[in-house]
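As the structure lists them, so they are numbered: ligands from 1, and atoms in each ligand from 1.
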Amino acid sequence: MKTNTKQISKFLSLILRHNPGKIGLELDENGWADVGELISEANKYRNQLNIETLEEVVATNDKKRFAFNEDKTKIRANQGHSIKVDLEYTAVQPPEFLYHGTVGKFREDIRRKGLLKMSRHHVHLSKELETAMKVGSRRGVPIILTVRSGDMHRNGIEFYQSDNGVWLTDTVAPEYIEFKK
Ligand code: HQG
C-alpha cells in the first residue's frame, strides 16, 4: 500500500504537537489522542486516514515521531510539542558530550544566552554528529555546537531521552557549550 505518509506525518505533527483544536480534537494530559476520534475528525478535513495508514506512518516514520499505546487505541507524538503535555520522561544520565546543530546567524545569541528551548518543551540534542548536521541543515549551512553534558549532569542538571532517542534538557548555559572558531 502506498499512501502519502510524508503528508500524513506532517498533518499528525501539526495536530499532535501543536494544534489539536484545529480539527476539534483534545489530547489528554500525557499528549494522547484517541485513535478513533482522530480518524473521524481528521477525515472531515482529509481523506485516507484510517488505522492502516496510521500504523504505516508510526512504523515507517524516519524519526519515529509518533507512538501508539499498547492496544493501539491511543496515539501521541514522541517529542517536539509546543502545547503543554506531560510525556512522563524520567531523568537519565547523558553521554559526556552531546551535539546541537544550528546555523551561524544564531551563534552570537547562543554565545550570550546559551541554548534556549524556544517554542519547544526542551532543547534538543543528539549523540550523533550526523543527526546534528541534519538538524542544522534544515535552516541553512549547519554549524555544530558541542555540549558538555557530562559536566552539566554532574552539576545537577537533568537530561531526558525521548522515545525516539533525542536527548532533551531545559537549557544549556553558555559555559557548557564549545564553539569552534
Ligand atoms: C536556535 C526537528 C538564538 C536553535 C529536528 C534552533 C530536531 C537559538 C532554533 C528537532 C537560541 C530552535 C529540534 C538562542 C537556540 N538564540 N537561537 N539563545 N537557542 N536557538 O526547531 O533543535 O522534524 O525548536 O539552535 O530534526 O532546531 O520536529 O529546535 O536552530 O530533532 O521531529 O533556535 O526538530 O525534528 O529550533 O530542532 P527548533 P532544533 P522534527
Side-chain angles (χ1 to χ4, degrees), residues 4-20 22 25 27 30-33 38 42 53-68 75-89 92 94-95 97-149 151-152 157-181:
N4 191 348
T5 50
K6 193 164 183 185
Q7 187 192 345
I8 293 171
S9 168
K10 280 198 168 165
F11 175 70
L12 289 178
S13 284
L14 169 68
I15 299 302
L16 298 177
R17 290 166 159 185
H18 308 298
N19 191 3
K22 187 178 166 70
L25 194 71
L27 308 184
N30 305 125
W32 294 106
L38 169 68
T53 51
L54 280 182
E55 278 174 353
E56 190 182 346
V57 170
V58 169
T60 61
N61 186 258
D62 56 344
K63 290 173 69 192
K64 295 198 184 345
R65 289 185 176 88
F66 313 103
F68 285 116
I75 187 170
R76 74 177 177 186
N78 283 327
Q79 39 83 201
H81 298 77
S82 58
I83 50 172
K84 197 171 172 338
V85 295
D86 175 8
L87 294 173
E88 308 154 285
Y89 291 134
V92 275
F97 297 100
L98 286 168
Y99 302 107
H100 179 84
T102 186
V103 281
K105 68 176 175 187
F106 296 147
R107 192 199 318 249
E108 279 317 306
D109 267 353
I110 295 172
R111 226 189 258 279
R112 278 189 288 123
K113 299 181 203 155
L115 282 170
L116 306 177
K117 53 192 168 184
M118 314 308 271
S119 64
R120 303 197 189 237
H121 283 199
H122 298 96
V123 171
H124 287 222
L125 303 168
S126 62
K127 190 168 184 266
E128 312 297 337
L129 203 56
E130 198 192 325
T131 309
M133 289 291 280
K134 279 191 199 145
V135 172
S137 309
R138 285 151 57 239
R139 301 179 189 282
V141 179
I143 63 164
I144 303 296
L145 309 178
T146 302
V147 170
R148 296 195 349 262
S149 38
D151 285 344
M152 289 175 69
I157 297 160
E158 292 193 330
F159 283 81
Y160 312 93
Q161 209 176 9
S162 69
D163 283 353
N164 58 347
V166 178
W167 283 93
L168 306 165
T169 194
D170 194 50
T171 35
V172 181
E175 64 262 33
Y176 295 114
I177 305 172
E178 286 171 10
F179 294 88
K180 292 198 186 104
K181 283 185 271 172

Identity and separation of the nearest protein heavy atom to [atom]:
| atom | result |
| --- | --- |
| atom 4 (C) of ligand 1 | H100 NE2, 3.4 Å |
| atom 1 (C) of ligand 1 | F106 CD1, 3.8 Å |
| atom 6 (C) of ligand 1 | R139 NE, 3.9 Å |

Of the choices [options], which has the non-hydrogen atom that lies closest to [atom]?
| atom | options | answer |
| --- | --- | --- |
| atom 11 (C) of ligand 1 | N164, V135, I110, T131 | I110 |
| atom 29 (O) of ligand 1 | H124, K117, R120 | R120 |
| atom 12 (C) of ligand 1 | M118, K63, R17 | M118 |

Original post:
Does the H81 side chain pair with the main chain of G31, one donor and one acceptor, at a distance under 3.5 Å?
Top reply: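 Checked: no pair found.
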
Original post:
Between R111 (side chain) and P174 (backbone), is there a donor-acceptor pair under 3.5 Å?
Top reply: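 A pair under 3.5 Å: no.
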
Original post:
Can a salt bridge be assigned to the pair R76 and E88 using a cut-off of 4.0 Å between side-chain N and carboxylate O?
Top reply: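 A salt bridge links R76 with E88.
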
Original post:
Between D170 and K117, is the closest basic N to carboxylate O distance under 4.0 Å?
Top reply: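 Judged by the 4.0 Å cut-off on N to carboxylate O distance, K117 and D170 do form a salt bridge.
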
Measuring from the heavy atoms of [X], does anything fall under 4.0 Å of ligand 1?
| X | result |
| --- | --- |
| L115 | yes |
| R112 | no |
| R138 | yes |

**OP:** Answer side chain, backbone, both or neither: which part of R65 comes under 4.0 Å from ligand 1, heavy atoms only.
**Re:**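 It is the side chain that touches ligand 1; the backbone stays farther off.
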
**OP:** Check ligand 1 against G114 and write out every atom of the ligand that is under 4.0 Å from a heavy-atom position of the residue.
**Re:**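 So the atoms of ligand 1 that pass are 14 (C), 18 (N), 19 (N).
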
**OP:** Could you list the atoms of ligand 1 found under 4.0 angstrom from a heavy atom of D109?
**Re:**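 Answer, ordered by atom number: 3 (C), 16 (N), 18 (N).
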
Original post:
Polar-atom distance check: L116 versus ligand 1, any N or O pair below 3.5 Å?
Top reply: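 Looking only at distances, the answer is yes, because the N/O contact criterion of under 3.5 Å is met.
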
**OP:** Look only at interatomic distance and state if K113 has a nitrogen or oxygen under 3.5 Å from any nitrogen or oxygen of ligand 1.
**Re:**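 Among all N and O atoms of K113, none is under 3.5 Å from an N or O of ligand 1.
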
Original post:
Taking C-beta and beyond as the side chain, do T169 and M152 meet within less than 4.5 Å on heavy atoms?
Top reply: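 A side-chain contact exists here, since the closest heavy-atom pair is under 4.5 Å.
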
Subject >> Heavy-atom pair with the smallest gap, counting every atom of L27 and A33 >> reply: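 Closest pair (atom of L27, atom of A33, distance): CD2-CB, 3.6 Å.
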
Original post:
Looking only at heavy atoms, what is the nearest atom pair of F106 and R139, with distance?
Top reply: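 Distance-wise, the nearest heavy atoms are CE1-CD, 3.9 Å.
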
**OP:** Answer yes if the side chains of S9 and N61 hold a donor-acceptor pair under 3.5 Å, and no otherwise.
**Re:**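 A pair is found: one side chain offers a donor N or O, the other an acceptor, under 3.5 Å apart.
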
Subject >> Ring geometry between F159 and W167 (parallel below 30°, tilted from 30 to 60°, perpendicular above 60°) >> reply: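 It falls in the perpendicular class, over 60°.
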
